[in-house]
Amino acid sequence: MPRAKGRHWVALWLVAFLVTTWLVYARQTAAIRAARELGDLRGRRANLDGHRADLERRIRAAESRAVLVPRAQARLGLHLPSDSEIVLVPAPSGSR
Amino acid sequence: MARPAVRIQVVEFGVLVGLALLVGRAVQVQILHGRRWAEEAQAQRTERIVLQARRGTLYDRHGTPLAVTQETYHVGIAPNELRDPTADGALISRRLGLTARAWQLALRRRYAYFAGPYSALEVQPLRSVRGVHLEPVLNRFYPDPAVARATIGRLGDDGLGASGLERTLDSLLAGRAGAAVVLKDRAGREYESPARVIAPPVPGLDVVLTLDAELQEIAQRALDDALRRMDADGGDVVMLDPGTGDVLALASRQRDGSARPSAFTDTFEPGSLAKIFAVAALLSLRRVSPMDRVSGEGGKWRVLGRTITDDDPQPSLTMADAIRVSSNIAIAKFAARLTPEEQYAMLRDFGFGALTGIEFPAEATGRLRPPSEWTRPSAASLAMGYELSVTPIQVAMAYGALANDGLLLEPTLIREVRSAGGGVRYRHRPEPVRRVVSREVAAALRSMLRGVVERGTGTEAALTNFPVAAKTGTARRVVNGRYAAGEYTASFAALFPADQPQLVLVVKIDNPHKGSYFAAQTAAPVTRSMLEQALAARTVALDRARLSTAAPRAAAAPVDDDGGLVPYVVPWPYQPDSAGVGPRRAVPDVAGFGMREAVRTLHRRGFRVALRGWGVAEHTWPAAGDSAAAGSMVTLFADPHAGDRVRARGAAPPRRGARR
């Protein structure tokens, strides 16, 4: 086997250096890309949370007595019952 | 020309020298100056940031969130980084609500900062705009800002509780901030790394309040309507559960629309509301028999240099009559049988002149002077509810003692404290303060109060099917230390139902200008209206199983007489709500179950289920292992990621049927 000459060693060192540098670069790039995706996902989750909170707020507002009672009275002709119109039926003993 | 071998040796020597220099420099950089360079690099590439802790959520007693923490954003704009200042500017201005002038000013700055805070929805379209930097910040959010605003309170600019329960509970809700290191790139953009969290933030504890959001809304609406109709200066409504001391609703409103927590902080002279406490002393000390009568003096009685009058003169009155028609003359005559010390002790025992102990940052003690400071007419005045100032919450607790067979409880606004994982850290148990009167005396007093509603001054509060016990109070108002002419406080304290009361209601109307100023015509109808709405409401914390037996006339009520009106429909077989007294059962542990199976499991155990969220079951209220009445409502909390958290807590792994 022929003995490696000096230029070969230089070339070998150069290649090793390039490979190492490329590995570091690739790892950093992948990490930064992952970090960006993580940030984007967090943003999307925050956006969805905000959307959900907004919807919940609107549902609660729509379910509130201030909204429902006047509409039920105006559209359906319902009214708030007086106590004489409320019949509570006693639960039979042993029923769940 | 040198030979090749020599040339190679020269090159090798050069490389060696180069390597030696490199190694030398490396030694210099890494070892001699290593620490300084490392610190500089660290400062350039990383930044230590504070990780805000999520502030705990405040819930009502049924799990409805009243105060939650959400991520919002501050927005920074670097004008030189914008790709298209005109188009980007239009979008940014629209999303942030900036005027054209404000945007022009921002463009002139090197870095414009808008504190907002802006919601995630508002800034979502800006995430992809180069030159826009979003800074997340946790912010407090009140889903329905009008509900119990004064009681819940607010945060200050420093993020700490500034008023109300936010202040009282600050140490529980706040949690502990964490710290992390973020990586920065060449452009200064920050990247979070899960591996670089130095100390994770500890979220605050969640607090379940005793408030009932639906009752609260009923109280607020009724009070607002009453103030508007009567053109009154202000008013308060307090509702509480006499058996536990739980405050169910607290509404306060002033003429200007503000909502100070006046039920805790503002005192008033209770007037005739206090007559029942003089009677309590007389009955407890056996100074009066039920048949004893005193003269009504034709409605005008001069004693100790002052004239006492009655609005409804009677020839003679028993003590029950004195309460029923609210006779000042009769109660003053009966109270003369008590020594000042006895009269004072009874008022003190009912909690007047002392803090109730409720968890609120500000509470007035009111005024109850000791007998050594009394003047000659003080005994009569106190029996009629003057020379005594009280808060609405004190009145509610004192009437609560009558409802609770003579046992005075400490009021509370806190039902449970829970960790972020759902574990119960604290659960309120009723805290007896003292026994004020015996069971028998309390029953006799309730019977007298029932007479007020059936045949006395409180008939406007009467319900057709449910007996109510109550007392009216109309007192002159003190303005700047003097009784103001023509100004009155109308108040009403009610126990519902009269037997085994489940609700104590106190209504106070300050200085009604329109119509009558008497409590019988002002505060009493408001009370009836609130009771009717509470009865018709679906989720209000009333034990309808007990109510159904408290209304014997209900079964015989001719439904057909209502002219075709459809009565309130009750499911059959009747399922009592969370206040039920059915057989108590342990709540099963459904953490980690799929929602369908969790609901089935709870149904099989006889519970009703209210869902919060979706995904995998995380925890329930009441918590797994706690006992709850069969037929009561169990709130099931689910979350798509609950499975991981449940496994992390070491709970049972998801069983069959668990799905996301």
Side-chain angles (χ1 to χ4, degrees), chain A residues 5-7 9-10 13 28-29 31-70 72 76-96, chain B residues 8 11-12 15 64-65 68 70-73 119-122 124 127 134 136 141 143-144 183 185 191-194 214 217-218 221 463-466 528-529 531-533 535-537 544-545 547-549 551 554-555 557 559 562 565-570 572-576 582 606 630-631:
Chain A
K5 294 182 178 177
R7 72 187 69 170
W9 281 113
V10 171
W13 277 104
Q28 290 268 10
T29 305
I32 287 174
R33 189 180 297 130
R36 275 195 190 135
E37 282 172 11
L38 191 67
D40 288 347
L41 286 173
R42 283 191 70 248
R44 280 175 58 193
R45 191 185 68 183
N47 182 42
L48 290 171
D49 280 343
H51 201 59
R52 185 178 65 179
D54 184 54
L55 289 174
E56 282 177 352
R57 182 186 58 75
R58 287 163 60 183
I59 289 169
R60 278 192 64 187
E63 281 182 339
S64 72
R65 302 176 78 85
V67 172
L68 275 189
V69 171
L76 303 175
L78 300 179
H79 69 281
L80 282 170
S82 66
D83 81 301
S84 61
E85 295 166 328
I86 298 170
V87 179
L88 297 182
V89 184
S93 59
S95 71
R96 287 196 312 196
Chain B
I8 285 172
V11 169
E12 283 178 351
V15 169
T64 304
V68 296
Q70 280 190 337
E71 196 167 82
T72 56
Y73 297 88
S119 70
L121 285 178
E122 287 170 319
Q124 177 59 19
R127 289 184 189 278
L134 302 178
F141 173 69
D144 189 346
L183 304 178
D185 68 6
Y191 300 97
E192 288 181 26
S193 167
E214 191 155 11
E217 196 184 350
I218 289 170
R221 287 197 70 205
L463 299 175
T464 309
N465 290 332
F466 300 93
R528 188 189 61 225
S529 165
L531 284 174
E532 285 178 337
Q533 291 182 64
L535 276 167
R544 288 175 172 80
L547 276 181
S548 64
T549 57
V559 176
D562 289 329
L565 294 174
V566 178
Y568 181 72
V569 178
V570 179
W572 179 266
Y574 176 69
Q575 302 281 330

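Note on naming: letters A, B, ... go to the chains in the order of the sequence lines (proteins, then strands), and numbering restarts at 1 for each one.
- For a residue to count as touching a neighbouring chain, one of its non-hydrogen atoms must lie under 4.5 Å from one of that chain's; by this rule Gln533(B) touches chain A with backbone and side chain alike.
- Ranked by heavy-atom pairs under 4.5 Å with chain B, the first of Ala46(A), Ala61(A), Gly43(A) is Gly43(A).
- Contacts between Val69(A) and chain B at a heavy-atom distance below 4.5 Å involve the side chain alone, from C-beta outward.
- Interface residue Asn47(A): backbone and side-chain heavy atoms are both found under 4.5 Å from chain B.
- With a 4.5 angstrom heavy-atom cutoff, Ile8(B) does not touch chain A via any of its atoms.
- The salt bridge (Lys or Arg N to Asp or Glu O under 4.0 Å) pairs that include a residue from residues 58-67 of chain A are Asp54(A)-Arg58(A), Arg65(A)-Glu214(B), where partners are two or more places apart or lie in different chains.
- Interface remark: of the candidates Glu71(B), Gln70(B), Arg221(B), Arg221(B) forms the most heavy-atom pairs closer than 4.5 Å to chain A.
- Here CD of Glu56(A) is found 10.5 Å from OG1 of Thr64(B). Values are rounded to the nearest 0.5 Å.
- With sequence neighbours excluded, the residues that form a side-chain contact (heavy atoms from CB on, under 4.5 Å) with Glu122(B) are Tyr118(B), Ser119(B).
- One finds the CD1 atom of Ile86(A) at 10.0 Å from the OG1 atom of Thr464(B) (value rounded to the nearest 0.5 Å).
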